[in-house]
J.: 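What follows is a structure written as structure tokens; I'll ask about it next.
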Amino acid sequence: MRGSNQRPVLAAEIHIVRFLRQGGYATHYANYPKRFHMVGLLVCNYKNAKTVFFDLITLQFYTLNRSKSSPLVVVVLPHGKRWSLRAARIEFHLDYPFSRPNGLCPLYLRPVLAHFMGKEITSRAEDYSQWYLDLVKKADLAENSDVRGCMVIKPYGYSVWEKMQQGLDQMFKDTGHTNAYFPLFVPKSMFEAEEKNAEGFAKECAIVTHYRLKSDPAQKGKLMVDPEARLEEELVVRPTSEAIIWSTYKKWIQSYRDLPILINQWANVVRWEMRTRLFLRTAEFLWQEGHTAHATRAEAVAETEQMLHVYADFAENFMALPVYKGRKSESERFPGAVDTYCIEAMMQDGKALQAGTSHFLGQNFADAFDVQFTSKEGKLEKVWGTSWGVSTRLMGALIMAHSDDDGLILPPKLAPIHVVIVPIFKNEEELARISEKVNGLVKDLRARGLSVKFDNRDTHKPGFKFAEYEMRGVPVRLAIGPRDLENGTVEMARRDTKEKKVVKLGDVAALIRPLLDEIQQNMYQRALNFRNEMTTRVDSYEQMKHVLDTKGGFVLAHWDGTAQTEAAIKEETKATIRCIPLDASEEKGVCVYSGQPSVQRVLFARAY
RNA sequence: CGGGGUGUAGCGUAGCCCGGUAUCGCGCUUGGUUUGGGACCAAGAGAUCGUCAGUUCGAAUCUGGCCACCCCGACCA
């Protein structure tokens with residue numbers, strides 16, 4: 001972190017240095033190495049009227065002067081440190097401190113302290129990707145593990161994933177699929193059978209070459225790979241399971257009576273990525289992969305489309321995430337597929353995210369693995385296939401689509417906790433009185449099928465809990481204290497809008513379900529409005545570049561359908577064809593790049 | 001694989017130029033006062049300074065090798 005980020009000297013900086021030279025804290029400042037600049041200073045009367053000094057280098061603060069007569073707070077930001085919006089707010093006030101030392105209130109300081117004490121996350125405006133990483137960590141969703149590129153999904157994060165699994169799994173079952181499990185390892189010869197598929201994943205495969213370790217004679221207590229335990233044939237750790245599954249299907253399919261096969265598996269896969277980001281791209285990730293086999297082309301195509309709609313349905317109704325459905329261009333197609341369908345979502349920073357794919361495999365895998373069946377007419381025919389999947393990447397989509405600077409915002413249908421109840425109490429007796437009321441409420445809410453948490457820990461203050469559950473995205477919070485006890489009320493707060501209102505204790509149970517529905521709806525509407533706002537129709541290349549550079553988001557533009565044009569646009573703008581929308585009306589036009597005729601607009605965007 | 005950077009307590013770090021086993025904060029523990037939006041005060045625990053070797057009476061600090069990680073490219077979604 002220590003570093004080389006250069007930034008322009010602020011006008012305020014000059015004031016400060018001058019100020020310091022005139023006395024004050026110049027001596028303290030002088031103790032620090034010259035290579036660090038003092039770039040911010042704030043004078044205010046902090047609550048306890050003590051002096052806090054930020055270490056120039058580490059941005060840590062500590063008390064310099066405990067004298068209550070010196071109500072001075074000095075905030076110093078070092079040269080080259082990561083900036084925050086909060087810090088920027090201080091800059092804004094730099095014109096003031098010297099003229100009115102007591103004029104600034106601690107309100108501006110407290111967020112700064114909180115931020116640097118690790119209690120806050122980076123704001124979206126300041127650094128979107130840092131915000132994302134902070135959020136994932138602070139909301140207790142996941143963390144980096146000691147294994148490069150692999151993450152630990154923490155209990156809270158996994159609970160959300162489980163909710164997704166439940167929703168999807170039910171939808172798969174409802175469309176006639178059953179779950180099964182196939183091995184993690186795929187023999188290399190089997191893996192390479194479908195050439196395009198193998199080629200597409202070859203560069204990111206982990207390979208098992210040995211099956212035994214032994215103690216290292218050269219280093220006591222250390223192990224080494226036993227060179228004598230080399231596998232006859234290497235095993236590929238599955239990056240996807242078409243190979244192993246189709247080689248199995250071959251054994252299962254003889255007659256048209258054996259079809260269709262509609263199988264899904266929940267599994268982990270490994271793709272050795274160069275650069276990883278929590279949830280969005282990790283070397284190992286969790287997903288589901290559906291693999292179906294059909295007697296006819298039409299049936300397989302219908303399955304592919306059906307599952308695309310299942311995904312879109314899930315995204316919209318569970319994740320509150322509107323998506324565009326479409327087909328991939330040839331260059332973006334899944335290796336080994338004849339056609340790839342996808343759903344594309346818009347993130348708050350204007351970048352697109354592919355949230356799910358469904359592939360029509362044609363007879364490619366039937367060819368590769370020689371999977372044939374005898375039809376009703378007694379003819380030997382090749383099987384048609386599909387595969388479709390969504391992964392823990394959906395977690396990334398969920399986070400980046402909805403959350404704010406205070407943390408995660410979860411749609412009620414995926415929230416592990418629907419309602420958290422925070423008691424406000426001074427002593428045990430008061431807590432007991434509150435608990436009595438709350439216990440009845442909890443029972444009532446649970447009877448209504450809601451997941452409720454009563455956080456009666458006495459080790460944390462209410463304010464801390466408020467912030468914590470906001471960070472975790474719990475949709476509804478109820479707070480109940482002595483005042484409420486007296487009035488028979490409870491404070492009800494919703495996470496999506498931060499609205500709070502006081503309602504009658506007796507009414508609250510009946511209010512929650514409708515409120516959750518409203519939150520779910522509101523989140524979808526908000527995301528939809530944003531997505532629509534971030535979708536721009538353009539009719540020239542100039543306009544397209546301008547929109548991509550200034551506004552971002554999706555761009556609907558005419559394309560001549562050639563890979564060359566697609567590649568050129570990608571090269572020049574970094575934007576790719578996200579999909580050829582399914583529901584777009586035909587519209588004659590000319591390609592924004594080449595001027596060649598085009599029959600419909602396609603969706604471009606910079607993407608994750 | 002190219003260019004740059006960094007390894008010191010669970011986390012973030014100071015110290016390194018100019019050698020004398022280590023700074024500060026968060027967090028943690030204990031006690032007290034607190035509790036309607038991230039409490040305060042006090043006391044305490046916690047580090048073989050990435051690793052191996054060299055120089056030296058003495059190495060976090062100087063020298064060399066190795067390892068790991070991060071950032072920017074390249075690759076990939």
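Letters go in sequence order (proteins before strands), and every chain restarts at 1.
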J.: Should we count CD of A:E195 as having more than 12 external heavy atoms under 6.0 Å?
T.: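 Counting other residues, nucleotides and ligands, CD of A:E195 stays at 12 neighbours or fewer.
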J.: Within the structure shown, what part of the strands sits under 4.0 Å from A:D484 by heavy-atom distance: base, sugar-phosphate, or nothing?
T.: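 The residue A:D484 makes base contact.
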J.: For the side chain of A:A479, counting heavy atoms from C-beta on, which of B:rG38, B:rG37, B:rG36 is nearest?
T.: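 In terms of side-chain proximity for A:A479, the closest of B:rG38, B:rG37, B:rG36 is B:rG36.
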J.: Nearest to the side chain of A:R477, which nucleotide is it out of B:rG36, B:rG37, B:rG38?
T.: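 In terms of side-chain proximity for A:R477, the closest of B:rG36, B:rG37, B:rG38 is B:rG37.
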J.: Would A:K570 and A:E566 pass as an ion pair if we require N to O under 4.0 Å?
T.: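 A salt bridge is absent here (no side-chain N lies under 4.0 Å from a carboxylate O).
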J.: Are the charged groups of A:R495 and A:D404 less than 4.0 angstrom apart, N to O?
T.: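 Between A:D404 and A:R495 there is a salt bridge, with a charged N closer than 4.0 Å to a carboxylate O.
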J.: Counting side-chain heavy atoms from CB outward, which of B:rG37, B:rU35, B:rG38 is closest to A:K500?
T.: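 The answer is B:rG37, which lies nearest to the side chain.
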J.: Phosphate oxygens OP1/OP2 of B:rA39: is one of them under 4.0 Å from a side-chain N or O of A:K461?
T.: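 Indeed, a polar side-chain atom of A:K461 lies that close.
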J.: Salt bridge (Lys or Arg N to Asp or Glu O under 4.0 Å) for A:D406 and A:K498? Distances and angles first, verdict last.
T.: CA-CA 10 Å; A:D406 294 317; A:K498 291 281 194 67; 2.5 Å; yes
J.: Just name whichever nucleotide pairs with B:rG20, Watson-Crick or G-U, keeping both distances under 3.5 Å, else none.
T.: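 Because both required distances fall under 3.5 Å, B:rG20 counts as paired with B:rC57.
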J.: Rounded to whole angstrom units, what separation is found between the CZ atom of A:F201 and the C1' atom of B:rC75?
T.: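 Those two atoms, CZ and C1', are 15 Å apart.
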J.: Suppose we define a pair by two distances each less than 3.5 Å, Watson-Crick or G-U wobble; what does B:rG2 pair with here?
T.: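 Here B:rG2 is engaged in a pair, and the nucleotide opposite it is B:rC72.
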J.: Paired with B:rC40 by Watson-Crick or G-U wobble geometry, both distances under 3.5 Å: which nucleotide is it?
T.: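 Here B:rC40 is engaged in a pair, and the nucleotide opposite it is B:rG32.
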J.: Using Watson-Crick or G-U wobble geometry with both distances below 3.5 Å, tell me the partner of B:rC67, or none.
T.: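 Pairing partner: B:rG7.
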J.: Under 3.5 Å, is there any donor-acceptor pair linking the side chain of A:E470 to the base of B:rG37?
T.: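 Between B:rG37 and A:E470, which were checked side chain against base, a qualifying N/O pair under 3.5 Å is present.
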J.: Output the rounded distance in Å from CG (A:D458) to C1' (B:rG32).
T.: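 After rounding, the gap between these two atoms is 15 Å.
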J.: Taking 4.0 angstrom as the limit, do A:D134 and A:R124 come out as a salt bridge?
T.: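 Looking at A:R124 together with A:D134, the answer is no, because their closest N to O distance does not fall below 4.0 Å.
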J.: Under 4.0 Å between any heavy atoms, over every strand shown, what does A:R277 touch: base, sugar-phosphate, or nothing? Just pick one.
T.: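 If one applies the 4.0 Å heavy-atom cut-off, A:R277 turns out to touch nothing in the nucleic acid.
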J.: State which of B:rG37, B:rG36, B:rC76 makes the closest approach to the side chain of A:A467.
T.: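 Nucleotide nearest to A:A467's side chain: B:rG37.
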J.: Could you please name the option among B:rG38, B:rG37, B:rC76 that lies closest to any side-chain atom of A:F466?
T.: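 Nearest to the side chain of A:F466 among the choices is B:rG37.
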J.: B:rA9 and B:rA60: how far apart are their C1' atoms, nearest whole angstrom?
T.: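 Pairwise C1' distance, B:rA9 against B:rA60, rounds to 14 Å.
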